[in-house]
Asker: 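First, the structure itself, so that you have it in front of you.
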Protein chains: 2
Amino acid sequence: MNMQTRTPPSTQPDDGYGFSDRIQHQLDHAGRLCAGQGGRMTQQRRDVLGLILSASAPVGAYDLLEQLKTSGRKPAPPTIYRALDFLLEHGLIHRIERLSAFVPCTHLQHEHTHDHAHAQTEPCLHSAQFLICRTCGGVTEIADAPRVLDVLKTICDKKNFTMQSASVEVEGVCEDCAQAATGQKGHAPTPN
Amino acid sequence: MNMQTRTPPSTQPDDGYGFSDRIQHQLDHAGRLCAGQGGRMTQQRRDVLGLILSASAPVGAYDLLEQLKTSGRKPAPPTIYRALDFLLEHGLIHRIERLSAFVPCTHLQHEHTHDHAHAQTEPCLHSAQFLICRTCGGVTEIADAPRVLDVLKTICDKKNFTMQSASVEVEGVCEDCAQAATGQKGHAPTPN
DNA sequence: GAAGTAATGTAATATTATTACATATCATTG
DNA sequence: CAATGATATGTAATAATATTACATTACTTC
Ligand SMILES: [Zn+2]
Ligand SMILES: [Zn+2]
Ligand SMILES: [Zn+2]
Ligand SMILES: [Zn+2]
């Protein structure tokens, strides 16, 4: 294989996707997290996560397929879906149900030591909350999720419903896009 | 057209689906609601809503297609999706994103005069909250939704995010199914 | 009843996701 | 190291969900 890139050194090879240093860093971090949970961050999975981290909006499975195709291998749907499943199970990405698309878990980007609110509380409670902008397509993972979860937990308790996972998705218009629309036009709504 | 049914009298013909009196009642009610909003509750839409009301769990678009086929007409996907869009727009049904399936709005079943929490608050805020049981497949629309919505609204305000619609979906195990699993076995988990 | 609007029919196609089975890669351990 | 078993990936086919574009029909209004 001829891969002569001039990227700065990283723990893992670069695969030719030209991931930024910051993303390489996050990928390395993600790899360590998986290892801690007995998971194997393979090259394939790493590539997929890298592509999701690089995007400025949720990415669909077939988008990822296309992007992976451009670089040597030509994976088929099961490949991508298996990688996505792995990343979901390890809390590295989230699926936005309303978009059938995927975003990185914000905690990866903020480089915590893995004390994120989801995947915690009880055996294993996967849960996340998002703001989805209809104008720019940007998605923001809500930080003060605990309050939302608490309310939900209370409701479930009252109904004797065992909560295993929860998704909260709010659609609307983000601050930037709202400003760009009302105030001065031509103010380029940047994704998030 | 020859339609000789011997069903008990109702505001509208029965189409041969054998909808119960209770459901016919709800359909009539829904029809009045639409009319009030300047919408036309056609036979097709009425049938689709009736089928959704009759089901004990969320129904997929293609399930509906199958069921409609059995009764004279043979609609194609666009037909069903158009009917579903109409019913969604008029707040008569909800889409469960995690299941790509549809449930009746609980307020239809409880026969309010249309003062339900969603489709209100602001110009038109569609929003709903659900508990989804993984065991029996039953879905419950959460009644005390206001609290959840309030928390979300607060969060959005703080971020200057304009909320247009929101969905909250909790997956887990309902009370009945949990009991059936732990306690006495063979206690037939009834859908919800 | 003619014109305009809303609803439905129809065929083709797009998008998202899974099944089943073959192959390859990695980790152990004897 | 070779044999083994477990994990991961490749591949082909197909399933499930949803939309586009355009023709037709049915209702409404004047
Ligand atoms: Zn997250
Ligand atoms: Zn925006
Ligand atoms: Zn409702
Ligand atoms: Zn149940």
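Below, all heavy atoms of this structure are taken into account, side chains as well, without hydrogens, waters or symmetry copies. We name chains A, B, ... by the order of the sequence lines, and we start the count at 1 in each one.
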Asker: Report the distance from atom CD1 of A:Ile80 to atom C1' of D:dT11, rounded to the nearest whole Å.
Answerer: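 About 15 Å, once rounded to whole Å.
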Asker: Output one letter per nucleotide in nucleotides 12-30 of chain D: B when a protein non-hydrogen atom lies under 4.0 Å from the base, S when only the sugar-phosphate is that close, - when neither is.
Answerer: B----BBBB------S---
Asker: Using salt bridge (Lys or Arg N to Asp or Glu O under 4.0 Å) as the criterion, list what pairs up with B:Arg82, not counting sequence neighbours.
Answerer: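 Salt bridge (Lys or Arg N to Asp or Glu O under 4.0 Å) list for B:Arg82, sorted by chain: empty.
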Asker: Can you pull out every ring pair (Phe, Tyr, Trp, His ring centres under 6.0 Å) where at least one residue sits in residues 130-169 of chain B? Sequence neighbours excluded, please.
Answerer: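 Pairs touching residues 130-169 of chain B that pass the test: B:His94-B:Phe130.
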Asker: Under the side chain to side chain contact (heavy atoms under 4.5 Å, CB included) rule, collect the residues that match up with B:Ser20, sequence neighbours excluded.
Answerer: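 Once residues adjacent in sequence are excluded, the partners of B:Ser20 under the side chain to side chain contact (heavy atoms under 4.5 Å, CB included) criterion are B:Arg22, B:Ile23.
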Asker: Please report, rounded to the nearest Å, how far the C1' atom of C:dT8 is from the NZ atom of B:Lys74.
Answerer: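 Those two atoms, NZ and C1', are 15 Å apart.
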Asker: Going by salt bridge (Lys or Arg N to Asp or Glu O under 4.0 Å), name the residues that satisfy it together with B:Lys159, two or more places apart in sequence or in a different chain.
Answerer: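 So B:Lys159 forms no salt bridge (Lys or Arg N to Asp or Glu O under 4.0 Å) with any residue.
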Asker: Partners of B:Lys74 by side chain to side chain contact (heavy atoms under 4.5 Å, CB included), sequence neighbours excluded?
Answerer: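 Here the qualifying residues are B:Lys69.
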Asker: Checking all strands, does A:Thr42 fall into the base, sugar-phosphate, or nothing category for heavy-atom contacts under 4.0 angstrom?
Answerer: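 The residue A:Thr42 makes sugar-phosphate contact but no base contact.
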Asker: In whole Å, I'd like the distance from the CG atom of A:Leu65 to the P atom of C:dA17.
Answerer: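 Distance, rounded to whole Å: 11 Å.
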Asker: How many whole angstroms separate atom CG of A:Leu68 from atom P of D:dA8?
Answerer: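 One finds 18 Å between P of D:dA8 and CG of A:Leu68, rounded.
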Asker: In terms of hydrophobic clusters joined by side-chain contacts under 4.5 Å, are A:Ile155 and A:Val170 together?
Answerer: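 A:Ile155 clusters together with A:Val170.
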